[in-house]
2 protein chains.
Amino acid sequence: MRIHAVDVEQKEKIPAWCAGEDWCPVTGTAELLANKWHPVIVHRLLEHQELGFNSLKDEVDGVSSKVLSESLDNLQNRGIVRKEVVDRSPKRVKYSLTELGSRLEPVIEEMGKWGSNNLRKPDEYA
Amino acid sequence: MRIHAVDVEQKEKIPAWCAGEDWCPVTGTAELLANKWHPVIVHRLLEHQELGFNSLKDEVDGVSSKVLSESLDNLQNRGIVRKEVVDRSPKRVKYSLTELGSRLEPVIEEMGKWGSNNLRKPDEYA
DNA sequence: CGGCATCCACATGGATACTG
DNA sequence: CAGTATCCATGTGGATGCCG
């Protein structure tokens with residue numbers, strides 16, 4: 001197995017060595033984002049900087065408390081999301097992106113662009 | 001519900017109207033990519049233009065025939081992947097990306113960049 | 001307000017074997 | 001070569017309720 005240099009300036013195309021190697025950055029990123037809610041959560045935090053639990057729940061349409069909580073744990077463990085307890089009684093927390101998480105912006109942005117340009121809103125099919 | 005204009009030139013940031021609306025392009029794209037194998041499959045097809053079933057299976061490390069088959073069906077139904085039967089006996093097919101699928105390149109590319117710059121290969125942790 | 005506990009349904013994917 | 005057929009384990013998420 002070779003060790004591959006990383007393109008610091010990010011000008012390269014998708015690294016061809018991704019295939020056939022035992023590790024692939026696309027796969028790695030996919031493991032993070034291949035989740036029903038992760039991309040949206042990151043997206044909302046990119047937009048709002050910081051959000052409380054229920055505000056975030058309102059933003060992420062359709063998610064349950066349990067699943068949101070699990071997803072946030074997950075993102076926290078991966079170093080994407082930061083959680084800060086602001087107050088207790090009434091309890092108040094803030095969720096925000098870490099530096100690492102913020103660097104996902106280009107990914108989310110491209111996802112948004114592709115969706116905007118290539119997907120249609122359900123009612124536009126009529 | 002408002003109908004929103006699409007930014008044809010793709011210069012805008014993530015559409016803020018994604019939140020609070022009943023449809024969001026990031027969510028839409030996430031539904032497509034929130035699958036264990038979809039991003040890698042698209043990635044490999046971006047690199048190789050066209051691949052036979054087993055070649056693709058070799059490229060997508062760890063996938064089983066069944067799951068690869070299912071994923072390809074899925075991507076085909078969504079208009080991302082095109083399948084062409086080249087020969088029969090021995091059967092030979094070609095999988096490639098549609099125009100729509102090809103437009104996912106920036107998304108995959110950003111995923112690759114993020115992975116390259118922010119994730120480490122497992123053995124580098126030692 | 002910000003969760004966790006519980007229970008449950010279903011989707012997803014893995015293993016193995018087999019076929020035209 | 002390119003799948004399909006089964007069967008099964010697990011994950012993932014949904015519903016509801018409760019708690020500090």
Side-chain angles (χ1 to χ4, degrees), chain A residues 22 24 26-28 30-45 48-78 80-97, chain B residues 22 24 26-28 30-45 48-78 80-97:
Chain A
D22 45 7
C24 158
V26 173
T27 304
E31 275 169 28
L32 177 68
L33 296 180
N35 169 288
K36 186 168 180 181
W37 305 108
H38 286 188
V40 200
I41 291 171
V42 172
H43 178 219
R44 299 303 190 261
L45 289 174
H48 296 278
Q49 271 59 246
E50 54 184 51
L51 286 169
F53 184 84
N54 283 319
S55 312
L56 187 51
K57 185 165 180 286
D58 291 340
E59 292 286 334
V60 180
D61 194 64
V63 74
S64 69
S65 295
K66 180 202 153 201
V67 173
L68 177 58
S69 181
E70 286 170 352
S71 302
L72 285 170
D73 278 0
N74 224 302
L75 291 170
Q76 223 184 314
N77 292 335
R78 293 163 185 264
I80 307 295
V81 159
R82 173 175 37 238
K83 171 183 180 176
E84 291 168 274
V85 178
V86 179
D87 275 323
R88 49 190 69 233
S89 229
K91 196 173 181 182
R92 178 85 202 155
V93 298
K94 287 191 318 187
Y95 287 99
S96 56
L97 292 175
Chain B
D22 46 5
C24 158
V26 173
T27 304
E31 274 168 29
L32 176 69
L33 296 180
N35 169 288
K36 187 168 179 182
W37 305 107
H38 286 188
V40 200
I41 292 171
V42 172
H43 177 218
R44 299 302 191 263
L45 289 175
H48 295 277
Q49 271 60 244
E50 54 185 51
L51 287 169
F53 184 84
N54 282 320
S55 313
L56 187 51
K57 184 165 182 285
D58 290 341
E59 291 287 331
V60 180
D61 193 64
V63 75
S64 70
S65 295
K66 179 201 154 202
V67 173
L68 177 59
S69 182
E70 284 169 354
S71 301
L72 286 169
D73 277 0
N74 224 301
L75 290 170
Q76 223 184 315
N77 292 335
R78 293 163 186 264
I80 307 296
V81 159
R82 173 174 37 240
K83 171 183 179 175
E84 291 168 274
V85 177
V86 179
D87 276 324
R88 49 191 69 234
S89 232
K91 197 174 182 183
R92 177 88 202 155
V93 297
K94 286 191 319 187
Y95 287 99
S96 55
L97 293 175

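For clarity, every value in this text was computed on a predicted model and none was experimentally measured. Residue numbers begin at 1 in each chain, while the letters A, B, ... track the order of the sequences.
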Enter the inter-axis angle for the ends of the helix from C:dC1-D:dG20 to C:dG20-D:dC1 (five pairs per end, rounded to 10°).
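Taking the rotation axis at each end, their angle is 50°.
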Atom pair CG (A:L33) and CG (B:L33), whose distance is rounded to the nearest 0.5 Å
8.5 Å
With rounding to the nearest 0.5 angstrom, report the CG to CZ distance, A:D61 to A:R44.
8.0 Å
Shortest non-hydrogen contact between [X] and [Y], atoms and distance:
| X | Y | value |
| --- | --- | --- |
| A:D87 | A:P90 | CB-O, 3.7 Å |
| A:Y95 | A:V93 | CE1-CG2, 3.7 Å |
| A:S96 | A:E84 | OG-OE1, 4.2 Å |

For B:S71, run the side-chain contact (heavy atoms from CB on, under 4.5 Å) check against B:V81, B:I41, B:L56, B:V60 and tell me which one passes.
B:I41
Strictly under 4.0 angstrom, non-hydrogen atoms only: write out the protein contact profile of nucleotides 13-20 of chain D, one letter per nucleotide from the 5' end, B, S or -.
BBB-----
Could you state the atom-to-atom distance from [atom1] of [X] to [atom2] of [N] in whole Å?
| X | N | atom1 | atom2 | result |
| --- | --- | --- | --- | --- |
| A:L72 | D:dT12 | CG | P | 16 Å |
| A:N74 | D:dG11 | CG | P | 13 Å |
| A:L32 | D:dT12 | CG | P | 13 Å |
| B:N54 | D:dG3 | CG | C1' | 8 Å |

Main chain of A:V86, side chain of A:R92: is a donor-acceptor contact present, judged purely on distance under 3.5 Å?
no
I'd like to know if the side chain of B:H38 and the backbone of B:L32 have a donor-acceptor N/O pair within less than 3.5 Å.
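Yes, B:H38 side chain to B:L32 backbone: donor-acceptor pair under 3.5 Å.
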Partner set under side chain to side chain contact (heavy atoms under 4.5 Å, CB included) for [X], not counting sequence neighbours:
| X | result |
| --- | --- |
| B:K57 | B:F53, B:N54, B:V63, B:S65, B:L68 |
| A:Q76 | A:D73, A:K83 |
| A:E31 | A:T27 |

What nucleic acid atoms does B:K94 come within less than 4.0 Å of, heavy atoms only: base, sugar-phosphate, or nothing?
nothing
Where does the chain B footprint on DNA chain C start and end, counting 5' to 3' with a 4.0 Å heavy-atom cut-off?
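The protein-touched segment is C:dG13 to C:dA15.
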